[in-house]
Amino acid sequence: MPTLKGITWKHDRGLAPMLATAAAFRHEHPDVIIEWEARSLQDFGDASVAAIAAQYDLAVIDHPFVGEIARTACFLPLEEAIPGLADFADDSVGLSHISYRYDGSHWALAIDAAAQMAGYRSDLLDQVGLPVPKTWPEVLELSRVRRGFVSLALTPVDALI
């Protein structure tokens, strides 16, 4: 029975979707097995995609690696395997889909987008009688309500962006 080996990053956002997709694929194609391994986020950013391609059939990558993939042809363009690939653009955040296109081909799908987001709790805003801020000065005003009322992402990798 054919077995495809895949590598992704060691986080629920990287591994869980791949395991679920492999299970769904197996349901449709019971004669093919897809096995996923996970590597650390550090290895995810540091490893050569050509070296990964030598060991794995499938790989979750980040968009800065598409140039190396196109230059070395270590993976096949997705147009060769996925009909209607352009339709994925409608289901991606911002320019995520197009960020994996280089030198005339798509080299990966946007499965996890780093996108700046803002969130709020309307119940807490209602308690202090303020609307959802729409400008930076309004955010600063809201931050004066009390310590911690407005906060930033402080995961080290997020704080550096």
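Heads up: numbering here begins at 1 and tracks the sequence.
- With hydrogens and angles ignored, the 3.5 Å screen pairs a side-chain donor or acceptor of Ser99 with a backbone N or O of Ser96.
- Expressed to the nearest 0.5 Å, how far NE2 of His63 lies from CD1 of Ile98 amounts to 12.5 Å.
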Val145/Val150 under side-chain contact (heavy atoms from CB on, under 4.5 Å): CA gap, chis, key distance, verdict: CA-CA 9 Å; Val145 169; Val150 172; over 6 Å; no
Ile52/Arg39 under side-chain contact (heavy atoms from CB on, under 4.5 Å): CA gap, chis, key distance, verdict: CA-CA 11 Å; Ile52 289 167; Arg39 59 190 169 142; 2.9 Å; yes
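- Here Leu109 contributes atom CG and Leu85 contributes atom CG; the two are 6.0 Å apart, rounded to the nearest 0.5 Å.
- With a 4.5 Å cut-off on side-chain heavy atoms, Ile7 and Gln55 do not count as touching.
- There is no path of hydrophobic side-chain contacts, each under 4.5 Å, that joins Trp36 to Ile33.
- Taking the side chain as every heavy atom from C-beta outward, Leu15 and Lys10 never approach each other to under 4.5 Å.
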side-chain contact (heavy atoms from CB on, under 4.5 Å) between Phe149 and Leu124, intermediate numbers included: CA-CA 9 Å; Phe149 201 72; Leu124 297 179; 4.1 Å; yes
Validation: residues 71-84 side-chain donor-acceptor distances under 3.5 Å, sequence neighbours left out:
from	atom 1	to	atom 2	distance (Å)
Thr72	OG1	Glu68	O	2.8
Thr72	OG1	Cys74	N	3.4
Glu79	OE1	His106	N	3.1
Glu79	OE2	Arg101	NH1	3.1
Glu79	OE2	His106	N	2.9

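- One N or O on the side chain of Ser92 and one on the backbone of Ala89 form a donor-acceptor pair closer than 3.5 Å.
- Cluster membership for Trp9 and Trp107, using ILVMFWY side-chain heavy atoms within less than 4.5 angstrom, is not shared.
- Tyr100 is not listed as a side-chain neighbour of Leu95, based on a closest heavy-atom distance of 4.5 Å or more.
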I'd like a table of donor-acceptor pairs (distance under 3.5 Å, sequence neighbours excluded) in which one partner is a side-chain atom from residues 134-142, with atom names and distances.
from	atom 1	to	atom 2	distance (Å)
Thr135	OG1	Glu138	N	3.2
Glu138	OE1	Lys134	N	2.5
Glu138	OE1	Thr135	N	3.4

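- Between Val66 and Asp103 there is no side-chain heavy-atom pair separated by less than 4.5 Å.
- Linking ILVMFWY residues whenever their side-chain heavy atoms come closer than 4.5 Å, directly or via other members, leaves Tyr56 and Ile111 in distinct clusters.
- Cluster annotation: Val60 and Val49 are assigned to distinct hydrophobic clusters (Ile/Leu/Val/Met/Phe/Trp/Tyr, side-chain heavy-atom contacts under 4.5 Å, transitive).
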